[in-house]
Amino acid sequence: MTAAAVTAGITGVLTLYGVTGTGGLDEGPADARPPVTGPVVSELRTSALTVAGSEASYRDEDTAPFSMLAVSWDDPARRVPGTIRVRAHSTRTGHWTKWLTLGSEDGAASDGAGRPGLRGVSEPAWTGPSDGVEVRVAGRGGALPAGLRLDLVDPGSSRVVRAAPAAYALDAVDATGDPTAPPTADQPTAPTPDATETATATEPPAATASPTAPEPTAPEPTATTAAPDGSPTPTVSAPTPTPTAPDSTAPRPDVVTRAQWGADETMNDEAPQYGSDVKVVFVHHTAQTNDYDCADSAAIVRGLHTLHVKTNGWKDLGYNFVVDKCGTVFEGRKGGADLPVIGAHTYGFNTDTTGVAVIGNYTDADAPAPAKEAVARIAAWKLGQYRHDPLGTTTITAVIDNGKYKPGTNVTFQRISGHRDGFATECPGTVLYGQLPVVRTWAGGPVAGLAVRSVTGANLSGSTYYTKGKVTVGWTATTPAALVSGYEVLVDGKSAAAAPGSATSVAAALAPGSHQVQVRATHLSGRTSVSAPVTVVAETTPPTFPTAPSLALRTGTVNTTAVPLTLAWKAADDAALRYVKLTAPTAVTYLPTTTSSARTAPAGTATTFAMTAYDRAGNTRTASVAGTPVVLQETAAVKSGSWSSRANSSYLGGASLSSATPGASLSWTFNGRSVAWTVSRATGSGQAYVYVDGVKAATVDLRSDAVKYRDALWTRSWTTSGTHTLKVVVVGTAGRPTVTTDGVVYLK
C-alpha cells in the first residue's frame with residue numbers, strides 16, 4: 001500500500017507537475033472561460049498497453065487533449081509487481097514532463113467489493129493540459145495483471161462559479177431520493193446511457209439490479225449482515241429513504257455544488273445511500289503536488305469523479321467533500337451536502353461518517369490555513385447537525401476486515417480523524433495529520449491564540465496603557481473568524497463592550513482609575529476563552545508645571561540675532577508624564593525628566609517661549625515665558641580711569657574699550673532680571689573684579705588660548721526684574737593686565 005493510497009472509494013496519489021489549466025483544451029486564463037451553467041462532460045479514453053513478458057508500454061505523441069491519467073487492469077485484487085512510470089507532453093510548455101512513478105492502489109480499495117466492473121488501478125496523476133503521453137511498466141520478473149490499459153481524462157474546460165450560502169440547491173436525486181424526478185434549474189436533463197455506454201463509460205449495474213438501482217454494497221453492514229462493505233458476494237440493497245437535514249449548531253460553509261463544478265450526472269444513475277448520523281469526519285489528502293492554480297480545482301474534482309466512476313468502477317466520487325488550498329469547498333458524492341450521505345472514503349467506516357479530502361500533498365508540507373479552516377468549518381457543521389463535540393471521541397465497531405481492523409473490533413476515533421486512523425495508509429500525510437489537533441480546536445473551540453493586540457486611544461508605557469477613558473481594544477486569535485460567534489471586552493471582569501466573531505476590535509469607555517482589561521471570545525460551540533489581562537489607567541487630570549518656565553542669560557557667544565539663553569522648567573503629572581514640548585518660537589520635544597534647554601533669542605525683540613506638557617493619557621497643560629535681550633554697548637558705561645577704544649568688525653557695534661590700568665572701571669545701570677558681561681579674550685587677557693549693586697560678586701579671568709569675540713563670560717540672574725548696577729574693575733594682572741570689554745546684555 002503506498003503512503004497515500006486510498007481505500008473504499010478514495011483515490012491514492014494524484015500528482016500535479018506544476019502545470020496549470022483546467023481541461024484538455026488550453027483555453028486561456030480561468031476568468032476568461034465561460035462559467036459552469038450545466039454539466040461539463042468529461043471524456044475518458046482508454047488504450048491497451050503493449051505487453052512483452054514482464055514489461056508493458058504505451059506511447060502516443062499526438063493524442064487527444066487530456067489533463068489526468070491513470071493505469072488500470074482487470075483484477076481489482078491484483079497490484080502491479082513493479083513500477084509504473086508515466087510522463088506527458090504539456091500543451092502549455094511544449095515539453096515533456098519529468099517521469100513520474102505511480103503506485104498501485106490496494107485492490108480492496110473499492111466502492112463495494114464484488115461489484116461488477118471494478119478494476120485495479122494506479123494512483124492517478126494530474127498533468128494539466130497535455131497532448132502526448134508515454135507509459136512504461138516494469139514487472140521486475142513478476143507476471144503483470146491482465147487487461148493493462150491507459151486511462152486518459154479530459155475533464156472539460158470551464159470556470160467554476162464560487163458558491164454563496166443561498167446558492168446551494170440539491171439536484172433531482174438529492175432533493176427527492178428519486179432518480180427519475182424532474183431536473184432542477186441547476187440540473188439539466190441528461191440522456192440515459194445505453195447498454196454500451198454503461199458498460200464502458202459508467203459503473204455497470206449489478207446482475208440483479210436495474211441500471212438505476214442503488215449501489216449493491218454501499219451501506220456498511222452490521223456484524224450480522226451478509227453483505228459487508230467489501231464482501232465478496234454482491235448484494236442488492238434497497239434505496240434508503242432520503243432523511244431530513246437537521247439544523248446544526250454551526251453555520252454551513254459556502255459549498256460549490258455539483259452543478260456548479262459541472263458534475264456530469266449521467267455517470268451517476270443510482271440513488272444515493274444514507275446513514276442516520278455523522279459520527280466522525282475523516283480527513284484525507286489527495287497526495288498530489290501543491291503547485292496548482294485554484295482555478296483548476298473544479299477540473300481536478302471532475303477528473304477524480306471521472307476516474308472513480310469510469311476507471312475504478314465506483315458509483316460516484318468517493319469523498320463527501322473536496323477542499324482546495326484556497327479554502328473552496330466542493331460537494332463530493334451526491335445526495336445532499338447537508339445529509340448523511342454514505343461515501344466511499346475510509347474503507348470499513350463509510351457509514352455515518354463524512355470524508356473530506358484536501359487537494360494537495362501534505363506529507364512534508366504544511367496545509368494552507370484556508371484549507372484547514374475549510375475542513376474545520378465542514379467538521380463543525382456536519383458534527384453539529386448531530387450535536388457531536390468536534391473535540392470528543394466515539395467508538396465504532398469494525399464489521400469487516402479492512403487490513404487494519406478485524407470484524408468486531410471496537411475502534412475509538414476522534415470526532416475529527418485522519419484516514420490513517422481507520423485504515424493502513426499514510427493519508428492525510430504526516431504534516432496534515434499532525435495539524436489535526438489544531439483543526440479540532442478550530443472546529444470545537446475554545447477560540448485559540450486569543451490576545452489583546454492593541455489599545456488605541458491610549459499610550460503604552462512599560463506594560464501599562466494610559467487613556468482619558470475612551471479606547472478601542474484590538475485583539476488577535478488563531479481560530480478563524482467564521483468559527484467564532486462573538487467577542488466581549490471585559491473591564492475588571494465585567495463585560496463592557498461586545499462585537500461579532502468577524503470583528504478584531506471594539507470601542508469601550510473606562511471610568512477613571514486603574515483597570516484590568518481582557519477580551520473574552522465565544523466559539524460557535526459555546527466554549528469561551530479569555531485573554532491575558534492588560535493594565536489600563538484612565539485619568540483626566542492634566543499635568544502641572546511645579547516650576548513655571550523661566551528665562552536667563554547664559555554664557556556663550558553673543559550675536560545681535562542670537563543672544564544665548566537658558567529656558568528652564570519642571571513639569572509633573574499625577575499618573576505618568578509623557579513629554580514636554582516647546583511649541584514656540586520653534587518646536588522641540590523633551591523627555592519628561594528634562595528641565596532646561598539652551599536656547600537663543602534676537603536682541604531687542606520680545607520672544608515668547610510656549611510649552612505644553614503631555615501625560616500618558618493625552619491630557620495637556622500649557623505654560624509660557626517671554627523675554628527681550630538688550631545689548632548695552634561699552635560706550636553706555638560710566639568710565640573711571642584710562643580706557644582706549646578699539647575698532648574691529650568682530651566687536652558688538654564694531655568697537656570695544658580696553659584698559660591695562662589697575663583700578664580702571666566701567667559701570668552700567670539697567671532694569672532687568674538677568675545680565676551677562678560680554679568681553680573679548682586672548683592669551684594675554686587679564687583679570688577683572690565684578691561688582692553687582694556695589695557688592696563684589698566675582699573675580700573673572702579673561703585669558704583664553706583661543707581668540708574669542710563677544711563672549712558672554714559671566715552672568716547673574718534674579719527671579720524678578722529690577723534696577724541693578726554692574727561694575728567691572730581692572731585688576732592689572734602681572735604680565736597680562738589688559739581687559740577688553742564689549743558691553744553687557746541684560747534681559748527684560
Side-chain angles (χ1 to χ4, degrees), residues 551-567 585 598-607 609 626-661 664-692 697-718 721 723-731 733 736-748:
L551 290 173
L553 294 167
R554 61 179 172 86
T555 59
T557 303
V558 175
N559 290 294
T560 56
T561 58
V563 176
L565 298 170
T566 295
L567 174 65
R599 313 307 307 166
T600 63
T605 302
T607 301
F609 291 83
T628 304
V630 178
V631 175
L632 288 178
Q633 298 286 354
E634 67 284 347
T635 55
V638 176
K639 294 185 288 185
S640 174
S642 176
W643 291 88
S644 61
S645 178
R646 294 184 178 183
N648 189 307
S649 61
S650 295
Y651 297 135
L652 284 172
S656 68
L657 290 177
S658 180
S659 177
T661 303
S665 66
L666 296 172
S667 62
W668 296 265
T669 299
F670 61 91
N671 189 298
R673 52 187 146 146
S674 185
V675 66
W677 180 33
T678 306
V679 300
S680 291
R681 306 172 63 192
T683 56
S685 298
Q687 296 176 321
Y689 300 126
V690 177
Y691 293 82
V692 177
T699 299
V700 179
D701 195 336
L702 278 64
R703 184 185 183 282
S704 173
D705 290 336
V707 175
K708 294 183 178 180
Y709 296 96
R710 306 182 312 282
D711 189 21
L713 183 61
W714 176 89
T715 66
R716 170 65 63 90
S717 297
W718 299 268
S721 291
T723 300
H724 302 281
T725 298
L726 175 67
K727 180 179 180 180
V728 295
V729 179
V730 178
V731 173
T733 309
R736 50 183 184 93
T738 303
V739 171
T740 301
T741 181
D742 208 5
V744 296
V745 180
Y746 71 92
L747 183 67
K748 69 174 184 178

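Not measured: the values here are computed from a predicted model.
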For residues 703-714, the salt bridge (Lys or Arg N to Asp or Glu O under 4.0 Å) pairs (sequence neighbours left out) are Arg681-Asp711, Arg703-Asp705
Heavy atoms of Val631 and Ala603 approach each other most closely as CG2-CB, 3.9 Å
Partner of Arg599 under side chain to side chain contact (heavy atoms under 4.5 Å, CB included), picked from Thr607, Thr566, Leu567, is Leu567
Exercise. Within a strict 4.5 Å, meaning less than it, do heavy atoms of the Val728 and Trp714 side chains meet?
Worked result: no
Practice item. Taking the side chain as every heavy atom from C-beta outward, state whether Val558 and Pro564 have any atom pair closer than 4.5 Å. Key: yes
### Message
Between Val690 and Arg716, does the side chain to side chain contact (heavy atoms under 4.5 Å, CB included) criterion hold? Intermediate values first, please.
### Response
CA-CA 11 Å; Val690 177; Arg716 170 65 63 90; over 6 Å; no
The reported gap from CG in Asp742 to OG in Ser656 (rounded to nearest 0.5 angstrom) is 6.0 Å
Notebook entry, point to check: Is the closest side-chain heavy-atom distance between Thr740 and Leu702 below 4.5 Å?
Noted result: no
Step-by-step side chain to side chain contact (heavy atoms under 4.5 Å, CB included) determination, Thr600 to Arg554: CA-CA 9 Å; Thr600 63; Arg554 61 179 172 86; 3.8 Å; yes
Between Trp643 and Val739 the two heavy atoms that sit nearest each other are CZ3-O, 3.9 Å
The reported gap from CG in Leu565 to CZ in Phe609 (rounded to nearest 0.5 angstrom) is 5.5 Å
Is there side-chain contact between Phe670 and Val630, with at least one heavy-atom pair below 4.5 Å?
no
Could you check whether any side-chain N or O of Ser659 sits under 3.5 Å from a backbone N or O of Ser642, counting only pairs where one atom can act as donor and the other as acceptor? yes
Check: Ser721 and Asn671 side chains under 4.5 Å, non-hydrogen atoms:
yes
Rounded to the nearest 0.5 angstrom, the CG-OG distance for Leu657 and Ser645 is 6.0 Å
- Task: Determine whether Trp677 and Val675 make a side-chain contact, defined as any pair of heavy atoms from C-beta on separated by less than 4.5 Å.
- Result: no
Looking only at heavy atoms, the pair that brings Arg736 and Gly684 closest together is CB-O, 3.0 Å
A side-chain contact here means heavy atoms from C-beta on lying under 4.5 Å apart; do Trp718 and His724 qualify? yes
Here the pair of heavy atoms bringing Ser674 nearest to Ser717 is OG-OG, 2.7 Å
task = Answer whether the closest heavy-atom distance between the side chains of Val729 and Tyr691 falls below 4.5 Å.
result = yes
With Leu713 as partner, the option from Thr678, Thr741, Val700 fulfilling side chain to side chain contact (heavy atoms under 4.5 Å, CB included) is Val700
Exercise answer: donor-acceptor pairs, residues 648-655 side-chain atoms, under 3.5 Å, sequence neighbours excluded:
unit_1: Asn648; atom_1: OD1; unit_2: Ser650; atom_2: N; d: 2.8
unit_1: Asn648; atom_1: OD1; unit_2: Ser650; atom_2: OG; d: 3.3

What one should report as the nearest heavy-atom pair of Gln687 and Asp701 is NE2-OD2, 3.6 Å
Please determine, by modelled atom types, if Ser644 and Ser658 share a side-chain donor-acceptor pair under 3.5 angstrom.
no
Correct closest heavy-atom pair for Ala682 and Val707 would be CB-CG2, 4.3 Å
